[in-house]
Amino acid sequence: MRTATLGPEQRVRALAQMSERELDVLVVGGGIVGAGTALDAVTRGLSTGIVESNDWASGTSSRSSKLIHGGLRYLEMLDFALVREALKERGLLLQRIAPHLVKPVPFLYPLQHKGWERLYAGSGVAMYDIMSLSSGHGRGLPRHRHLSRRHALRVAPALRKDALVGALQYYDAQMDDARYVATVVRTAAAYGAHAANRARIVGFLREGERVVGARVRDLELGGEYEVRARQVVNSTGVWTDDTQGLIAERGQFHVRASKGIHLVVPKDRINSTTGLILRTEKSVLFVIPWGRHWIVGTTDTGWDLDKRHPAASSADIDYLLDHVNSVLAVPLTRNDVEGVYAGLRPLLAGESEATSKLSREHTVAHPVPGMVVVAGGKYTTYRVMAKDAVDEAVHGLDRRVADCVTEEVPLVGAEGYHALWNARERIAASTGLHVARVEHLLNRYGTLTEEVLELIADDPKLGEPLPAADDYLKAEIVYACTHEGARHIDDVLTRRTRISIETFDRGTRSAREVAELMATVLGWDADQVDREVVHYEKRIEAERESQLQPDDLTADAARLGAPDIAPV
């Protein structure tokens, strides 16, 4: 079992090693594209480093709809190439690269018109399945099916009878986006990449016109490092233009931010055995199964305010509730909403003023010698974006470099996952955990579950669930710090787990216990524990306040009322 540890010691060592000798590739940005780029580069035999100014996946890549999909609606736009590419990647992730993290999910599309709509939508879904099979990686997902209204209401009793005349059901896939990114970073580290989060680029090193590296500031322990690299890859998403500004080069394209918000509600609020996909006047709306919850989203509106903390306004929340309630027999209310999160999509700017019409395709450019920029795209096709970015970087290296191999590289935790899944009852019996707990761990860590179980064997108290968030074991909090690079409460409650959106208290009742568990690994004293808890509580308070505001401007101002955590 290949593995890697992203604990405190490994982080310090990674920064030191990056500054000791020139790298082939330095990746700036620790979202899914940056993580994928680091993995692509290191598995071609290139010496590789990756830095992220905040936490892994702290931006767009932890705030998506959590879907791995071909983009059914792009068929309607006749973007067949993008759909075909995404469907191939979906199959690879499900079958080979990350079967422990990427899972099939059913969706029901209610039909509202007799005759022509079934023919029209059915043709699109049939083409979707055919394109999936023709990619060579379409096995493993059930084919679509046509349902009568009676059958559809048996599958999804929550729907109003007058909201449909029939339905189509098809399958896509989903994952925990932040966990997926952390796993890609760990896989890159397992192959030799140097990885450090909370490490900000404060300037680029230049020799004449050429970029030859970057100055990196350690935001946790202080100090700056000069990291020299033959090629630097800017994969900072919605911050692409800001990063390019450090060398006074915007590049050959412009990235605009589109805000998408999502609501999380308990499973019992919507009586359905399947997800839903609904048409809106602007795009589509998903109701996505998420463990003991549903995710409802998303919006698609332009955003030019604070990029670190995009805020969901009261108008955003009303928009989603109004649209989902248009088909539900028992409407959702504000009181049903456990969590709200907002993220920014990096879209390639074009002539359209509407962000929903901007390109989801990606672009790679080499604006100055020594620097590659990759932007745009969608989560599902991150591996293709990473390949294209490294291909471009290789042009700047004066030696032969191996072709991309990530199509054949499983993420850590994937190898042997199915065998361990088949042994889950035996594992439950030997550890004393309920089999449902073991399944939960296997679907979050794959075969790395054995590392979590080792923590419990050493300290049986870690096998207990968190009292205020009992989906998660205390061992998972410790493991987030020892193995997954978590440095602050936000990292654990918002990204390593999803407690911040899966509980009505949004993690505040768990904050102190989580901080105390983290303190045993990170060496916090009582004062630091208090600071972490107070910061988290203020963050949640600011988010709740922002969600009461009528528009983006006032919501943004309210959210910025809580400062970012700063180690002392």
Side-chain angles (χ1 to χ4, degrees), residues 1-3 32 56-57 61-62 64-69 90-106 140-142 171-187 264 267 273-275 288-295 379-380 410-431 433-456 462-463 465-466 469-480 483-484 486 492 494-499 501-502:
M1 179 180 69
R2 183 178 287 274
T3 186
I32 186 57
W56 307 119
S61 297
S62 61
S64 73
S65 297
K66 318 208 185 312
L67 294 176
I68 296 292
H69 63 130
R90 185 190 71 176
L92 281 170
L93 299 181
L94 274 165
Q95 297 168 24
R96 181 185 303 163
I97 294 175
H100 57 315
L101 300 178
V102 181
K103 305 293 179 181
V105 60
L141 287 181
Y171 279 76
D172 258 318
Q174 70 175 163
M175 47 70 216
D176 182 329
D177 47 10
R179 171 151 299 284
Y180 193 96
V181 173
T183 306
V184 176
V185 174
R186 289 188 67 186
T187 308
V264 182
K267 196 79 168 179
T273 61
T274 179
I288 306 162
W290 180 255
R292 295 199 292 176
H293 318 268
W294 297 97
I295 293 175
Y379 201 114
T380 302
L411 300 188
V412 291
E415 191 174 351
Y417 160 72
H418 293 297
L420 220 55
W421 178 261
N422 293 340
R424 61 194 183 279
E425 292 185 0
R426 176 178 55 77
I427 295 170
S430 65
T431 59
L433 296 174
H434 192 281
V435 67
R437 291 279 183 202
V438 175
E439 292 175 351
H440 161 88
L441 293 175
L442 288 171
N443 285 330
R444 281 169 55 75
Y445 307 99
T447 53
L448 300 184
T449 294
E450 294 173 345
E451 296 178 344
V452 181
L453 295 177
E454 286 173 8
L455 293 176
I456 297 172
L462 296 181
L466 288 170
D470 62 2
D471 278 350
Y472 300 95
L473 299 178
K474 294 177 181 178
E476 296 181 76
I477 308 305
V478 174
Y479 188 80
H483 288 70
E484 297 180 330
V492 172
T494 306
R495 287 173 289 278
R496 303 308 183 280
T497 71
R498 292 303 188 159
I499 294 170
I501 58 171
E502 292 176 347

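Side chains are part of it too, since the values below use all heavy atoms of this structure and drop only hydrogens, waters and symmetry mates.
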Open item on the list: Can you tell me which residue among Arg179, Arg495, Arg444 is in a salt bridge (charged side-chain N to carboxylate O under 4.0 Å, His left out) with Glu484?
Closed with: Arg179
Task: Qualifying residue, where the test is side chain to side chain contact (heavy atoms under 4.5 Å, CB included) with Tyr479 and the options are Val492, Val452, Leu441, Thr449 - done: Val452
- [ ] Begin with the C-alpha distance, continue with both residues' side-chain angles, and end with the deciding distance and a verdict on side-chain contact (heavy atoms from CB on, under 4.5 Å) for Tyr180 and Ile68.
- [x] CA-CA 11 Å; Tyr180 193 96; Ile68 296 292; 5.9 Å; no
Open item on the list: Rounded at 0.5 Å granularity, tell me how far CD1 in Ile288 sits from OG in Ser65.
Closed with: 5.0 Å
Task: Carboxylate-amine/guanidinium proximity below 4.0 Å for Lys103 and Asp172 - done: no
- [ ] Measure the shortest side-chain to side-chain distance between Pro465 and Arg437 over non-hydrogen atoms and say whether it is less than 4.5 angstrom.
- [x] yes
Open item on the list: Could you tell me if the side chain of Arg498 sits less than 4.5 Å from the side chain of Val264, heavy atoms only?
Closed with: no
TODO: Identify the two heavy atoms, one from Pro104 and one from Tyr171, that lie closest to each other, and give their separation to 0.1 Å.
DONE: CB-CD2, 4.3 Å
Task: Heavy-atom closest contact (Leu67 atom, Thr380 atom, distance) - done: O-OG1, 3.8 Å
Task: Approximate separation, where rounding is to 0.5 Å, of Ile477 CD1 and Leu462 CG - done: 10.0 Å
Task: Between CD1 on residue Ile427 and CD on residue Glu450, distance to nearest 0.5 Å - done: 7.0 Å
- [ ] Specify the closest pair of heavy atoms between Tyr379 and Ser61, including all atoms of both residues, with the distance to one decimal.
- [x] CE1-O, 3.8 Å
Open item on the list: Can you give me the closest heavy-atom contact between Pro289 and Thr274, atom names plus distance?
Closed with: CG-C, 4.4 Å
Open item on the list: For the residue pair Thr3 / Glu451, report whether a side-chain donor-acceptor contact shorter than 3.5 Å exists.
Closed with: yes
Task: Shortest non-hydrogen contact between Leu94 and Val102, atoms and distance - done: CD2-O, 3.4 Å
Open item on the list: side chain to side chain donor-acceptor pair (under 3.5 Å), that's the test. Do Asn443 and Tyr417 meet it? Break it down for me.
Closed with: CA-CA 9 Å; Asn443 285 330; Tyr417 160 72; 2.8 Å; yes
Open item on the list: As an exercise, state the distance from CD1 of Ile97 to CG of Leu92, rounded to the nearest 0.5 Å.
Closed with: 5.0 Å
Open item on the list: Run Leu93 and Met175 through side-chain contact (heavy atoms from CB on, under 4.5 Å) and show every step you take.
Closed with: CA-CA 10 Å; Leu93 299 181; Met175 47 70 216; over 6 Å; no
- [ ] Evaluate the side-chain proximity of His100 to Tyr445: yes if any heavy-atom separation is below 4.5 Å, no if none is.
- [x] no
Task: Non-hydrogen side-chain atoms of Leu466 and Leu473 separated by less than 4.5 Å - done: no
Task: Asp471 side, atom CG; His293 side, atom NE2 - distance, nearest 0.5 Å - done: 5.5 Å
Open item on the list: Rounded to the nearest 0.5 Å, what separates atom CZ in Arg424 from atom OG1 in Thr431?
Closed with: 13.5 Å
Open item on the list: Can you give me the closest heavy-atom contact between Ala486 and Arg496, atom names plus distance?
Closed with: N-NH2, 3.5 Å
Task: Heavy-atom side-chain proximity of Glu415 to Thr447 below 4.5 angstrom - done: no
Task: Any donor-acceptor N or O pair under 3.5 Å, side chains Asp177, Ser64 - done: yes
Task: side chain to side chain donor-acceptor pair (under 3.5 Å) between Glu502 and Trp290, worked out - done: CA-CA 10 Å; Glu502 292 176 347; Trp290 180 255; 2.8 Å; yes
TODO: Verify the distance criterion only: is there a donor paired with an acceptor across the side chains of Glu439 and His434 at less than 3.5 Å?
DONE: no
Task: Carboxylate-amine/guanidinium contact Lys66 Asp176, below 4.0 Å - done: no
